[in-house]
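Down below is the structure, laid out as structure tokens.
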Amino acid sequence: DTIRVGLPTKTYWPTTVAETAVRQKLFEKEGIQAELTIYRSGAETFEGMAAGAADIILDPPSLVSAGRKKGVMSRIVANAAMGNFGWQLMVPTKSTLDVKDLNGKKVAITAAGSGSDLLALWTIQDKKIDFTRVPVGGGGLVPNLLAGNVEAAVVYSPLSFQISKSGEAKTILDYASAVPPNLTAGWIVLDKFADAKPQLVQKAVNALYGAVGFMRANRDVTVKLIAELYEMPPEIAALEYDNTIMMLETSGDMGAAGVNAAVQLSLDLAKLGGLKDILPVEDVISTKFKPVPTQQ
Amino acid sequence: MQPLANVTPLKPAARAGAIEVKNVGQVFRGRSQDVVALDDVSLEIKPGRFVVLVGPSGCGKSTLLMMMAGLRQQTTGTITISGAPILQPDPDRVGVVFQEASLFPWLTAEDNVEFPLALRGVPKAERRAKAQDALKLVGLEGFGKRHPHELSGGMKQRVSIARGLVQDPPVLLMDEPFAALDEQTRMTMGDELLRIWAATGKTVVFVTHSLTEAVYLADEVIVMSARPGRIVDHLQVQLPRPRTYEMLSGDAFGALRDRIWRHIRKSA
Amino acid sequence: MQPLANVTPLKPAARAGAIEVKNVGQVFRGRSQDVVALDDVSLEIKPGRFVVLVGPSGCGKSTLLMMMAGLRQQTTGTITISGAPILQPDPDRVGVVFQEASLFPWLTAEDNVEFPLALRGVPKAERRAKAQDALKLVGLEGFGKRHPHELSGGMKQRVSIARGLVQDPPVLLMDEPFAALDEQTRMTMGDELLRIWAATGKTVVFVTHSLTEAVYLADEVIVMSARPGRIVDHLQVQLPRPRTYEMLSGDAFGALRDRIWRHIRKSA
Amino acid sequence: MQGTFAINLARIAIIVAILALWEVLSRTGIINPRLLPSASDTFVTLGDLLQRAAVQKDLMVTAAEVLAAFAMAVPFGAVIGFLVAENRYFADVAKPLLFFAFSIPKSIFLPMFILVFGVGFAQKVGFGFFSTIFIVIMSTTTAVESVKVEHLTVARSYGATPWQTAFRVYLPSMLPVLLEALRISMIFNLTGVILAEMYASRDGIGHQIATWGENFQMKQLLAGVVMVAAIAMTFNELVRWVEARCSHWRT
Amino acid sequence: MSAKTLRHLIVIGLIVLWELLPRTGLIPELFLPSLSSTLIAGWTDAAEYGHALAVTLYEVVVSMAFACGGGILLGAIVGSLPRPRVLIMPMVSSLYAVPLVILYPVFTVWLGIGSESKIAFASIYGFLPTMLATAAGIQTIDPQLLLAARSMGATLSQRLVRVIMPAAIPTVLSGLRVGGALVIVGVVVSEMLISSAGIGYLISRYRTILDSPHVFAGVLLVLFLAITFNAAIRWIERKAAIWQTGTRAGHANDEMASGAMQPAT
Ligand SMILES: Nc1ncnc2c1ncn2[C@@H]1O[C@H](COP(=O)(O)OP(=O)(O)OP(=O)(O)O)[C@@H](O)[C@H]1O
Ligand SMILES: Nc1ncnc2c1ncn2[C@@H]1O[C@H](COP(=O)(O)OP(=O)(O)OP(=O)(O)O)[C@@H](O)[C@H]1O
Ligand SMILES: [Mg+2]
Ligand SMILES: [Mg+2]
């Protein structure tokens, strides 16, 4: 059997997880094959799954909720991350602005409605300030920040580490710690698929969580892998390892205590971004699969 | 496929080359008003005849030729060629030399001449040979490799004549083919044409403005009047063949020429 | 701006219309070989003369006219018109009627005739009047609203002549303007042309293949030979003016015609 | 012919000037070199990238997709364009519809292609085809309209079959317009395939470019852009070469 | 059946399919929401869409002026002058080969994220095809006509306006069609990539949150733009029809030309 894994963007930790699982032959150990496809963003990944081009994907709960409204029946089967690790609000190094000073200013986000938009909206609400969110796309974040078109930007990892390391920008707000823990991303499968091939799903999450375990245990190998995948110097890869990979959920159990609340919080945050129809938590998660990490 | 039992050949040999025009009219629908270019034209041409069509400018000669070639549908009446009505161009029955040379600018002179042969899939060597012959006939030996824009007006017209000749259909329609030629070339080409015609037994319909040329070449001369185009005279030229330049000054010749001239003068 | 003190008018009235061609040659660079179209042609035409150019097809008549009009640069030699060399088209000095009608297909006949006037900003009413006159002159009254594709070959040529006439330049170059016309129309137009010429004192250079027409119209006939184009004869036609059709059968006329004919025969 | 040398010289001069400007702007810091790495750096990076087996494979994949899409879109689009130009009825029915389809950004339909083809070769080719076909249709229509009626009449009088008319009259007559269309189509095709690769893929050069862009790896991004541009330009030159061979009869 | 009827039938068919395919579940609503839900989505947020339309319309009109005006003018010049042609054309078409969509995010650095960058992008996007089509069309003009105009002393601009333009009008019009359509696409795509206003912005925003009815409401607006533009071109075509007599378009009613159509059918 082959499981098709859909990943939103290449330089995002799920890619590292899935790649590790492939390279360490964890899928094979589970007796399955994996095929990795990289999409351009979370929404595209979700569409890919809806179109039947991916079996298991990583996305935030909000998309699951929105998708169910549109007739795409899917659920989160495993909890992947409980925070926005590596996501930071950044300003150019020379800038003296602090978060509060951003009132009335312009802040770059990747796209309206995206993860970065949600974080920007959260900032507005939490810090009781108001600024204009400017969608500039992933490729436009740093150029526009450096060129001064925007005063600040919500930057994802490892780009955030990269530009702070290079001295081009500095962090004024680290969302990993600032935002209360919520379920930011989970592994998602279609209900249909989960019903038809529960074993395959189970094996896939086993392998993926096996990979998380492996990465935690093998720093050097993983840093090297990140450096290779992202085409980045090892220092940045090491930062990525320490600040995101090490923060990932190791069990993934959706039935664990507090998960429901974390999902609820995540959905509430999404409401800020214009998501209209929020479904009850029970409808977007599935507790059927409890990952049993594949052992090396 | 089974052989078809009752195939009637399109052009029974006896009638090959016969032209019959019956009550043909042509009306052009204009934006503001309609133009009656031809009105009730009827004529019959026996196979193998050399017929010259004359008439004042704009009387409908080209239009009549286009209809005989199947390139334009008449508004009324019927046109029969080699025994069958002509409804669309049929190069096996009719060939045309247009009033304007209309050569393909992207082809050389010889490729232009070869064009109709190429369409029929004549092998390269054979059509090259035929094209060379035709070009030689019109006095353009050695100009085969030139493109139309490198030729003079008269040369282009001659290439166009050569293109009409290589086709070798039983009926050849020629619309003022010699208009852009000097008198000497014109005479030579006229004689060549007569020679080919005599040798092949084609029916030729030839438009010209030169009355001398008309009488010199023709078995019959059809005279048209203008607006709307009608046939006003149909003369038989009984002069013996081969024609000679001496005949030009003969009385019979002069009389025929004068008779046509009087028609033209009246209607132009 | 200050008035300029020493402005010499481009065309001193005395020389307006004079044409001087000195040792002019034209070589076309071909891909494989070069073509010498004209070789060392020299001639002088006094203002107000009616000069006819004859010669076998492809001898370089059109090429010579194009150079006189400034539309093509000669390879060697100089051409002077109205006292100044002609290096580019100058409608104040020279007008051209082309061998191929070259009408603008998107303009009606009258708009085509008005075109040169419109270029100079002549007011609408005035140019309309002039165009109507010119169209009447060429026998196309009532055809002004037609587009070129609705006209016969001869009609197009006549529109083109009308277009040349409205320009009214001191020198008029006409390249086989009557080639597509029937004999009657041709004669009428020839007479009209002579009338205009006599009334305006223009210099006319006229290319034709009809030797009768040449002698009938000309003050002088220039005969060219082919490949490479050279002037082989330059005749003065001393027949009195106005010319009449009776002259055509006179001895003087016949002699001139014969002389030209012999040249053409030799070189074609 | 004597001008050819001068023109080539002028062309080279312009290219050198553009590269020099690029280099100077970046080196002197008039433009932040982080945003616009210098030409030399970009080309060094390009050299490195081209050595990588992964990049070579991606290029091959993209090239295969582009060629497949092009090979289908051009004949198919040309035939439809031909029908639209020559058949009144067909034109009246289809022209406005085709035009509307042409005016909608094609990327909106990317998910549809995933729905139908999944993610892979067929989907890239399908989308490349879809992004190209409309411009091919519209350009062919333009090209056909530039053919002279007299030439068609002559061919008709010789009893030319539709194929003969198409290949012996239409094709040579509309060649300049058509080649221009080919050029533009190729660019649309390339962009379409790359967009599809950026959207969802496992390999292909668009996949790489997307990553470089999101990672703010300007050197690699520019090198990638140069790579794609080079492919398109090579094709351009190929078309120009054909054009030069076929259009010498034009003065 | 008349062409118009058939076309209307096709349109009606498409509309019915649009409604039925999602309703019957043959296509998930995420990919194609039913027409009715799309219309409802558009209607409930009419104000938002109206504002976006205004922004996009402004950008489209300005870009159109640049792309079509500039494209035709430069195409005419380049097409009628052989020297600049051989020099410039290869450059220009090579330039077009640079995939601008990829570089667009970097573009915004210099042009800002407002309308200017959209206008620049869309102008370039639509400019080239217009220019190339015009230039290529002009090359098919009968050189004899230009010669005639020159002999009558037509200046370069007169030749351009009075000979080249009318002779090339069918080609130029089709170039205009292509260019105009591309301008619309260019504006919307650049808005989708990077912007905070306009139809493209709405499309990509709603897409990110998987709100497909709102996405397609935006697509409908784009279609509306295309229909408007098409109507404008049709109007110009009718105006230019007088010029076209004698060309192929003008011959359409002529038997000769319809006869010439036979090979195609
Ligand atoms: N497409 C058309 N639309 C309208 N009128 C036309 C069209 N074609 C020809 N005519 C008209 O039909 C008449 C006959 O034209 P035709 O070309 O047959 O004349 P012709 O006898 O060949 O003249 P010429 O000797 O000058 O070539 C003319 O009055 C012309 O204006
Ligand atoms: N652009 C060109 N390139 C090469 N050769 C040319 C070109 N134009 C004309 N020629 C050649 O120059 C010679 C003279 O041509 P020209 O058109 O002047 O002849 P003409 O005397 O007007 O002939 P006609 O009476 O047939 O019109 C011809 O042999 C022709 O082939
Ligand atoms: Mg005629
Ligand atoms: Mg000539």
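The model shown is predicted, which means the values in this text are computed figures rather than measured ones. In what follows, chains are A, B, ... by sequence order, proteins preceding strands, each numbered from 1.
- At least one donor-acceptor pair closer than 3.5 Å links the side chain of A/Tyr156 to the backbone N or O of D/Glu214.
- With hydrogens and angles ignored, the 3.5 Å screen pairs a side-chain donor or acceptor of D/Gln217 with a backbone N or O of A/Glu231.
- Of all heavy-atom pairs spanning A/Ala147 and D/Leu35, the tightest one is CB-CD1, 4.3 Å.
- Of the listed residues (D/Met198, D/Gln220, D/Arg202), the greatest number of heavy-atom pairs within a distance under 4.5 Å of chain A belongs to D/Arg202.
- Contacts with chain A were tallied for D/Leu221, D/Thr211, D/Asn215; D/Asn215 has the most, counting heavy-atom pairs under 4.5 Å.
- Interface check for chain D: of the options A/Thr45, A/Leu36, A/Leu159, A/Thr37, the most heavy-atom pairs under 4.5 Å are formed by A/Thr37.
- The candidate from A/Ala53, A/Pro8, A/Ala51, A/Pro158 with the greatest count of non-hydrogen atom pairs under 4.5 Å with chain D is A/Ala51.
- Between A/Leu146 and D/Phe216, the closest side-chain pair of non-hydrogen atoms falls below 4.5 Å.
- Residue-environment remark: CZ (D/Phe121) exceeds the threshold of 12 foreign heavy atoms within 6.0 Å.
- Of the atoms belonging to D/Ile114, heavy atoms from both backbone and side chain fall under 4.5 Å from chain A.
- Few gaps surround NZ on A/Lys70; more than 12 heavy atoms of other groups in view lie less than 6.0 Å from it.
- Interface remark: D/Glu197 contributes no atoms to any contact with chain A (heavy atom separation under 4.5 Å).
- More than 12 heavy-atom neighbours from other residues, nucleotides or ligands sit within 6.0 angstrom of NZ on A/Lys170.
- When A/Glu44, A/Met232, A/Glu47 are compared by the number of non-hydrogen pairs under 4.5 Å with chain D, A/Glu44 comes out ahead.
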